[in-house]
Trainee: 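A single structure is presented below for examination.
Only this structure's heavy atoms are used, side chains among them; waters, hydrogens and symmetry mates stay out.
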Amino acid sequence: MERSEAGIIKKNILFNICRTLMNVAYPVVTFSYAARILTVDDMGSVMFSRNYVSYFLLLALLGVSYYGVREGARLAKDRVRFQKFFLEINMINIVATICASMIFFVSIFVVDKLYGYRILLLISSVGILLSGLGNEWVLISFEEYRYLAIRTLLIQLACIALIVFFVRSQEDYVIYCAILLLSSSGPALFNWAFLIKNKLLHKVPLHELEIKKHLKPIFVLFAMLASIDLYTMLDTTMLGFIKSDYEVGIYNAAIKIPRLANSVIASVGAVLVPRLSYYYDVDKEHFQRLIDKAQNFIIFITVPACVGIVMMAKEIVLVFAGDQYESAFLTTRLLAPLTLIIPISVLFNNQVFIPMRKEMLVLKSTCVGAAVNLILNGLLIPSFAENGAAIASVAAELSVMMVCVYHVKKELNTQVVWKKYLWAVITSVSIVLVCLLTEKIIDNTYLRLGFAVITCGCVYVLLNVKTIKQIMDLR
C-alpha cells in the first residue's frame with residue numbers, strides 16, 4: 001500500500017474513532033444523568049419502545065446501509081454513475097419506508113401489549129421516516145469521516161444541553177424519549193445538506209433507472225440484517241413481553257457497557273469497508289493485509305476490555321447508572337464475553353464476507369444466532385429474567401462467531417492468531433492484579449474506577465508496545 005493510501009486510512013480511522021468516542025461518551029453522559037432522575041421502570045419503557053420501533057426502521061432501511069456503502073465505494077469516482085445509483089437506491093428506500101410506517105401504525109393499534117407505550121412509540125416512530133431516508137451510506141462511500149465527526153459532535157452537544165434543561169423529574173421520560181429521537185435521527189438532516197452541497201441530487205429519466213438489478217442483493221442483505229437484529233434486539237423485546245419494564249431497564253443498563261466497548265472497536269472496521277470493497281477487486285494482497293491488521297487490533301483491545309468489565313462491573317454500573325441498578329452487577333459480568341465475541345463476528349461478516357459479496361455466508365451465521373437466541377430466551381427469561389437474556393445473548397453471539405470462523409478458513413489464508421490471544425491473556429493478568437489492589441486501597445467508587453482504568457491501560461500498553469507498532473504499520 002502506498003504511503004498516501006496508508007495516510008488516508010489512518011486519518012479516516014482517527015476521525016471515525018473520534019466519532020465513535022463521541023457516540024460512546026454521549027450515552028454515558030445522557031444515560032447516567034437520566035438514570036438518576038427517571039425510575040428503572042420509566043427507563044425500561046423508553047428502551048422497550050425504541051427497541052420495538054427499531055424493527056420497522058430495519059424494514060425501512062432494507063439492507064441499503066451495507067449495499068450502498070459496498071457498491072457506492074466502487075462508483076464514488078464516477079459522479080454520473082453514482083448519481084444514477086443514488087436515485088435508484090432512494091426509490092427503493094422510499095417504498096420500503098412507506099411500507100414500514102404503515103405496518104408499524106397498524107401494529108400499535110392491534111397489539112394490546114403496546115397500548116401503554118403508544119405515546120413513546122409514536123414519538124420514536126418519527127425515526128422511521130428520518131433515518132429510513134437518511135442516506136448515511138453516501139457519506140461513508142465518499143469516506144467523509146471528518147464531516148461525520150463534526151456533525152455528530154454538534155448534534156450530541158445540543159441533545160445533552162436539552163436533556164439537562166428539560167429532563168428534571170420522573171414525569172419527563174417522554175421528553176427524554178423525544179431527545180433520544182433527535183440524537184439518533186437528527187443526523188439525516190445534515191446528510192441531506194451534504195448531498196445538496198455536493199450536487200448529488202440530479203434528475204435522471206425514469207426509463208434509465210435500473211432498480212430491479214439491486215433488489216436481489218438488497219433483499220439478501222436485508223435478510224442478513226433482519227437475522228442480526230432478531231438476536232440482538234429480541235432479548236429486550238421478549239423481556240418486555242414476558243417480564244416487565246424493570247427487567248428491561250436493568251438489562252439495558254448492563255448490555256450498554258459491552259456494546260459501548262464494541263462500538264469503539266467497530267469504528268476501525270467500519271472505516272475499512274469501502275477500502276476492502278475496492279481492494280478485493282484489484283489487489284487481493286492488500287485486502288488480506290488489511291484484514292490481518294484488523295484482526296490483530298481486535299485481539300489487542302478485546303481481551304483486556306473483557307477482563308476489565310468482569311473485574312470492575314460493580315464500579316462501572318454504579319458510576320454509569322447509579323445505586324438503583326445494583327441488580328445489573330451480575331448481568332454485566334455475564335455479558336462481558338460479548339466484548340471478545342462480537343468484534344470477531346463483525347470483522348468476518350462485515351469486513352470480509354460483504355466486500356467479497358458472500359452475503360449468504362453472513363445470512364447463514366446470523367440465522368444460526370437468531371435461532372439460538374430465540375430458543376434460549378424462551379427457555380431462560382421466564383426463570384432468570386435479565387440474566388437469562390444475558391446468557392442467551394452470549395450463546396447466540398458465540399454461535400455466530402463459530403460459523404464465521406469455520407467459513408473464513410475456506411475463503412482466506414488468515415494468520416494464526418492463537419499466540420496473539422495467549423499473549424493478550426497473559427498481559428491482561430496485570431489488569432486483574434491492579435483491580436484487586438485498587439479494591440483494597442481505594443474506598444471511593446469513582447476514584448477506584450478512574451484509577452483502575454488509567455493504571456490498567458498504562459500497564460497493558462507498556463507490555464504491548466511491539467504489538468501496537470505492528471498494528472499501526474498500515475503499509
Side-chain angles (χ1 to χ4, degrees), residues 23 26-27 30-31 43-66 93 96-108 110-111 113-114 116-137 159 173-174 176-188 221-242 245 247-249 251-256 258-260 262-263 266 338 342 346 350 366 369-370 373-374 377 386 389 392-393 396-397 400:
N23 288 334
Y26 174 75
T30 56
F31 185 91
M43 293 292 283
S45 64
V46 171
M47 295 306 143
F48 176 80
S49 301
R50 289 175 59 80
N51 179 267
Y52 183 77
V53 169
S54 295
Y55 290 102
F56 300 92
L57 176 57
L58 170 68
L59 178 58
L61 290 171
L62 203 65
V64 165
S65 54
Y66 282 101
N93 251 160
T97 300
I98 293 172
C99 292
S101 299
M102 292 174 63
I103 297 171
F104 168 79
F105 284 111
V106 170
S107 73
I108 64 173
V110 171
V111 181
K113 170 70 177 179
L114 300 177
Y117 301 93
R118 196 164 294 174
I119 295 177
L120 294 175
L121 288 169
L122 289 173
I123 291 172
S124 300
S125 68
V126 178
I128 299 174
L129 177 63
L130 291 178
S131 297
L133 301 175
N135 289 294
E136 187 90 354
W137 61 270
C159 289
Y173 67 95
V174 175
Y176 177 63
C177 183
I179 297 172
L180 290 182
L181 166 69
L182 178 62
S183 66
S184 61
S185 301
L221 284 168
F222 169 70
M224 176 199 79
L225 292 172
S227 59
I228 291 173
D229 282 359
L230 183 62
Y231 74 80
T232 57
M233 299 192 302
L234 196 60
D235 40 21
T236 298
T237 304
M238 292 184 71
L239 267 176
F241 276 97
I242 297 173
D245 290 337
E247 284 80 11
V248 173
Y251 181 77
N252 274 274
I255 201 167
K256 268 184 168 57
R259 281 180 178 172
L260 289 174
N262 284 334
S263 64
L338 293 181
I342 291 178
V346 171
N350 295 3
T366 53
N373 192 259
L374 178 63
N377 271 327
E386 65 273 13
S393 292
E397 294 290 357
V400 172

Trainee: Going through the checks in order, is the side chain to side chain contact (heavy atoms under 4.5 Å, CB included) test met by Leu239 and Asp235?
Mentor: CA-CA 6 Å; Leu239 267 176; Asp235 40 21; 5.5 Å; no

Trainee: Given 3.5 Å as the limit, does a donor-acceptor pair link the side chain of Ser184 with the main chain of Leu181, or not?
Mentor: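 The answer is yes, because a donor-acceptor pair under 3.5 Å joins these two groups.
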
Trainee: Strictly under 6.0 Å, is that where the ring centroids of Phe48 and Phe241 end up?
Mentor: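 Between Phe241 and Phe48, which both carry aromatic rings, the centre distance is below 6.0 Å.
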
Trainee: Is the closest side-chain donor-acceptor distance between Ser45 and Tyr117 under 3.5 Å?
Mentor: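 Per modelled atom types, Ser45 and Tyr117 side chains form no pair under 3.5 Å.
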
Trainee: For Leu114 versus Ser107, what's the shortest heavy-atom pair and its separation?
Mentor: CD1-O, 3.8 Å

Trainee: Side-chain contact test, heavy atoms from C-beta onward, threshold under 4.5 Å: evaluate it for Asn252 versus Met43 and give yes or no.
Mentor: no

Trainee: Can you name the closest pair of heavy atoms from Leu338 and Glu397 and give their distance?
Mentor: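 It is CD2-CG, 3.6 Å.
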
Trainee: Does Gly369 offer a backbone N or O that forms a donor-acceptor pair with the side chain of Asn373 under 3.5 Å?
Mentor: no

Trainee: Let me see the working for Cys159 and Tyr26 under side chain to side chain contact (heavy atoms under 4.5 Å, CB included), right down to the final yes or no.
Mentor: CA-CA 9 Å; Cys159 289; Tyr26 174 75; 3.3 Å; yes

Trainee: Heavy-atom distance under 4.5 Å between the side chains of Ile108 and Leu122, does that happen here?
Mentor: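 Contact flag for Ile108/Leu122 side chains = yes.
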
Trainee: Can you name the closest pair of heavy atoms from Ser183 and Leu180 and give their distance?
Mentor: OG-O, 2.8 Å

Trainee: Is there a donor in the side chain of Ser393 and an acceptor in the side chain of Tyr251, or the other way round, less than 3.5 Å apart?
Mentor: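 Side chains of Ser393 and Tyr251: pair found under 3.5 Å.
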
Trainee: Do Ser124 and Tyr52 have a side chain donor and acceptor closer than 3.5 Å?
Mentor: no

Trainee: Where is the tightest heavy-atom contact between Val400 and Thr366, given as atom of each residue plus distance?
Mentor: CG2-CA, 4.4 Å

Trainee: List the atom of Val248, the atom of Gly44, and the distance in Å for their closest heavy-atom pair.
Mentor: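 Distance-wise, the nearest heavy atoms are CG1-O, 3.4 Å.
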
Trainee: Give me the atom names and distance for the closest heavy-atom approach of Asn377 to Ala392.
Mentor: OD1-CB, 3.4 Å

